[in-house]
Amino acid sequence: MKLRNHAKKAAALAAAAALTLTACGGGSSAGSSQTASGEQSFNLKLSHGLAEDHAVHIQMTEWAADVKEKSGGTISIQIIPNGQLGSEADNISSIQAGGLDMAKVSASTLGNFNSTWDALSVPYVFNDKDHFYKVMDGEIAQELYKMTEGDGFIGLTWLDSGARSFYTAKTPVRVPSDLKGLKIRTMDSQMAIDMMNALGGSATVMSYSEIYTGMQQGVVDGAENNITALRDHSDVAQYYCYDEHTRIPDIIVISAKVWNQMSDSQKKIMTETAAAATESYKTRWAEFEEEVKTAAQQNNVTFVEDVDTAAFQEACQSIYENLKSSSPDVYAVVEKIQNAGK
C-alpha cells in the first residue's frame with residue numbers, strides 16, 4: 001500500500017472531519033442506533049470536491065434520496081460538496097482514520113493508496129467508450145472494489161468522467177512533438193507525470209482551482225482533462241485537442257468498517273441503487289459534456305479533431321514496458337482490461 005505523505009495527516013484530518021461532522025448535526029455512523037427491525041441505522045457523510053450545480057452532485061443527491069427511501073430510512077447519506085472536508089486524498093485518509101464515511105474520488109487518487117488502481121489511469125488502456133463501459137460494468141471493476149478492504153475502504157460504484165485530452169492557451173496539439181517545451185498541468189498522479197514525460201511535455205502538478213490563473217499568467221501552457229473542464233477554463237483556453245489519452249472513472253468509496261456493520265439487506269440496497277445511479281449518470285454525463293462544448297464553442301474555443309492518436313499511443317508504450325518490470329500486479333490488471341476489449 002502506498003500512502004505517500006497522506007498517512008501523516010490522517011489523525012489531524014480525522015479530528016477535523018469529526019468536528020465538522022459534529023457541527024453538521026451528526027458524526028460517523030459507528031455509534032448509530034438500531035431500528036425496531038433490529039437493523040442498525042446509519043447517518044453517513046459523503047464528501048466530494050465539486051459544486052452543487054455539477055452533474056455529479058445532482059446525481060449523488062438523487063441517489064441518496066433513493067437509498068433513504070428503499071432502506072426505509074435506515075440509511076441516510078448527507079452529501080458534502082465543494083471540498084469542504086479537504087482534497088480527495090484527504091478524504092481517503094479521513095475514511096481510513098474513521099473520521100469520514102464515504103467519498104467520491106478519481107481512480108487516479110486511489111492509486112496513491114493502492115497501486116492496483118493505477119491500471120485504470122494507464123494511457124490508452126481502453127480502446128474506446130464501449131470498451132471502458134464493459135470493463136467498469138463488469139468483473140474487473142468488482143475485483144478492484146474489493147481489493148482495498150484491507151486499506152480501510154471499498155468501492156461501491158463508478159461514475160463516468162469522460163475521456164481526458166489536452167487543452168492549451170496558444171498551441172494546438174496534434175502530435176506528441178507539439179507538446180515539446182509546453183508546461184502542462186497534471187493531477188498529483190505518478191501515472192499522469194510518467195505520461196507527460198513519455199510524450200515530451202513538462203508535467204506541472206497543481207490543484208484544479210489553480211489552473212485558470214496558471215494558464216492566464218503563463219505559469220502553465222495548458223492542462224489535460226475531460227471536456228467539462230472548459231466550463232471553468234474556456235476563457236483562457238484556445239484549443240481543445242481530442243487525443244483522448246485516458247478514461248479515468250470517478251469511484252464512490254465507503255469505509256470498510258461501516259460497510260461491514262451493515263446488514264445483507266442494507267448492502268444489497270446500497271449496491272443496487274448505486275448501480276442504477278451509475279447507469280442514469282451515463283446519460284446525464286453525455287448531456288453535461290455537450291452543454292459545456294456548446295458554451296465553449298460560443299466562447300471561441302477551437303476543437304481539434306485531426307489528432308494523430310496512433311502517434312500518441314506509440315509514444316506511451318514505454319509506460320507499458322516499465323509496468324511489466326516495476327509493477328507486475330498492476331500490469332496484470334492492464335492485461336485483463338486489454339483482453340476484455342478484444
Verdict with supporting geometry, H245 and F312, side chain to side chain contact (heavy atoms under 4.5 Å, CB included)
CA-CA 8 Å; H245 45 262; F312 281 92; 6.0 Å; no

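- T148 contributes no side-chain N or O that, together with a main-chain N or O of D151, makes up a donor-acceptor pair within less than 3.5 Å.
- Take K267 and apply the salt bridge (charged side-chain N to carboxylate O under 4.0 Å, His left out) test, not counting sequence neighbours, and it matches no residue.
- Distance CG/L159 to OG/S106: 11.5 Å, rounded to 0.5 Å.
- Pairing each heavy atom of P123 with each of Y320, the nearest pair is O-OH, 2.7 Å.
- Looking only at atom types and distance, the side chain of E149 has a donor-acceptor partner in the side chain of N260 under 3.5 Å away.
- No side-chain donor-acceptor contact under 3.5 Å links S47 and Q84.
- Nearest heavy atoms, A237 versus Y167: CB-CD1, 3.9 Å.
- Between the CE atom of M147 and the CH2 atom of W117 there is a distance of 9.5 Å, given to the nearest 0.5 Å.
- Annotation: side chain of W63 is in contact with side chain of I77 (closest heavy-atom distance under 4.5 Å).
- No donor-acceptor pair under 3.5 Å is formed between the side chain of H131 and the backbone N or O of F126.
- For the residue pair E52 / N82, a side-chain donor-acceptor distance below 3.5 Å is found, with atom types taken as modelled.
- Residues I58 and Y281 fall into different hydrophobic clusters, defined by Ile, Leu, Val, Met, Phe, Trp and Tyr side chains chained together at heavy-atom separations under 4.5 Å.
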Show the numbers, then the answer: is there a side chain to side chain contact (heavy atoms under 4.5 Å, CB included) between S93 and F113?
CA-CA 9 Å; S93 292; F113 294 84; 3.7 Å; yes

Take I92 and L110, measure what side chain to side chain contact (heavy atoms under 4.5 Å, CB included) needs, and give me the verdict at the end.
CA-CA 8 Å; I92 297 299; L110 295 180; 3.8 Å; yes

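- The shortest side-chain heavy-atom distance between V125 and L120 does not fall under the 4.5 Å cut-off.
- Listed by chain and number, the residues in a salt bridge (charged side-chain N to carboxylate O under 4.0 Å, His left out) with D130 amount to none (sequence neighbours excluded).
- Listed by first and then second residue, the salt bridge (charged side-chain N to carboxylate O under 4.0 Å, His left out) pairs involving residues 218-238 are D53-R231, R164-E224, K183-D221 (not counting sequence neighbours).
- The closest side-chain donor-acceptor pair between S41 and T74, if any, does not fall under 3.5 angstrom.
- The CD1 atom of I251 sits 10.0 Å away from atom CG of L156, with the distance rounded to the nearest 0.5 Å.
- With hydrogens and angles disregarded, no donor-acceptor distance shorter than 3.5 Å links the side chain of Q217 to the backbone of G214.
- Remark: side-chain polar atoms of T246 are not paired, donor with acceptor, to backbone N or O of I248 under 3.5 angstrom.
- Within the structure, the salt bridge (charged side-chain N to carboxylate O under 4.0 Å, His left out) test picks out the following pairs touching residues 281-294 (sequence neighbours left out): E62-R284, D137-K282, E279-K282.
- Within the 3.5 Å criterion, the main-chain N or O of V67 finds no donor-acceptor partner in the side chain of T273.
- For the atom pair CG of N91 and CE of M102, the computed distance is 12.0 Å after rounding to the nearest 0.5 Å.
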Under the salt bridge (charged side-chain N to carboxylate O under 4.0 Å, His left out) rule, what do E139 and K336 come out as? Steps first, then yes or no, please.
CA-CA 10 Å; E139 292 182 3; K336 281 187 179 181; over 6 Å; no

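- In this structure, the ring of W158 has its center less than 6.0 angstrom from the ring center of F132.
- T109 and A89 make their closest contact through CG2-N, 3.8 Å (heavy atoms, listed as atom of the first residue, atom of the second, distance).
- By the salt bridge (charged side-chain N to carboxylate O under 4.0 Å, His left out) test, D66 is found to be paired with K70, residues two or more places apart in sequence or in another chain being considered.
- Remark: the backbone N or O of G162 is not paired with any side-chain donor or acceptor of R247 at under 3.5 angstrom.
- L44 contributes atom CG, which lies 8.0 Å from atom OG of S76 (distance to the nearest 0.5 angstrom).
- Listed by chain and number, the residues in a salt bridge (charged side-chain N to carboxylate O under 4.0 Å, His left out) with D250 are K104 (sequence neighbours excluded).
- In terms of heavy atoms, Y242 sits closest to E305 at CD1-CG, 3.7 Å.
- No donor-acceptor contact under 3.5 angstrom links the side chains of S165 and E244, judged on distance only.
- A pairwise comparison of heavy atoms in D90 and L85 identifies CB-O, 4.2 Å as the closest pair.
- Residues forming a side chain to side chain donor-acceptor pair (under 3.5 Å) with S234 (at least two apart in sequence, or on another chain): N299.
- Within the structure, salt bridge (charged side-chain N to carboxylate O under 4.0 Å, His left out) contacts touching residues 319-335 (residues at least two apart or in different chains) are E321-K324.
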Show your working on side chain to side chain contact (heavy atoms under 4.5 Å, CB included) between H57 and I79 and close with a plain yes or no.
CA-CA 8 Å; H57 183 80; I79 313 296; 3.5 Å; yes

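- Using a distance-only test at 3.5 Å, with no hydrogens or angles considered, a donor-acceptor pair links the side chain of D243 to the main chain of F166.
- In the hydrophobic clustering of this structure, V307 groups with M195; members are Ile, Leu, Val, Met, Phe, Trp, Tyr whose side-chain heavy atoms approach within less than 4.5 Å, directly or through other members.
- Side-chain atoms of Q142 do not come within 3.5 Å of backbone N or O of G138 as any donor-acceptor pair.
- A 4.5 Å side-chain heavy-atom check between S121 and S108 finds at least one atom pair inside the cut-off.
- Screening residues 201-229 for ring pair (Phe, Tyr, Trp, His ring centres under 6.0 Å) gives Y208-H233 as the qualifying pairs, with residues at least two apart or on separate chains.
- Residue pairs meeting the salt bridge (charged side-chain N to carboxylate O under 4.0 Å, His left out) criterion with at least one partner in residues 154-163, sequence neighbours excluded, are absent.
- When all heavy atoms of F42 and Q266 are compared, the pair lying nearest together is CE1-OE1, 3.4 Å.
- In this pair, F303 and Y240 present their aromatic rings tilted. The plane angle is within the 30 to 60° band.
- Judged by distance alone, the side chain of E88 and the main-chain N or O of G49 form no donor-acceptor pair under 3.5 Å.
- Tracing side-chain contacts under 4.5 Å through hydrophobic residues (I, L, V, M, F, W, Y), one never reaches I184 starting from I193; they form parts of separate clusters.
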Side-chain donor-acceptor pairs of residues 168-175 under 3.5 Å, sequence neighbours excluded:
unit_1, atom_1, unit_2, atom_2, d
T168, OG1, T171, O, 2.5
R174, NE, D306, OD1, 3.0
R174, NE, D306, OD2, 3.2

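- Separation of atoms NZ (K134) and CG (N127) is listed at 10.0 Å; rounding is to 0.5 Å.
- Every residue meeting the side chain to side chain donor-acceptor pair (under 3.5 Å) condition with S207, not counting sequence neighbours, appears here in chain and number order: S209, E210.
- Put simply, the side chain of S280 never gets that close to the backbone of A276: no donor and acceptor are under 3.5 Å apart.
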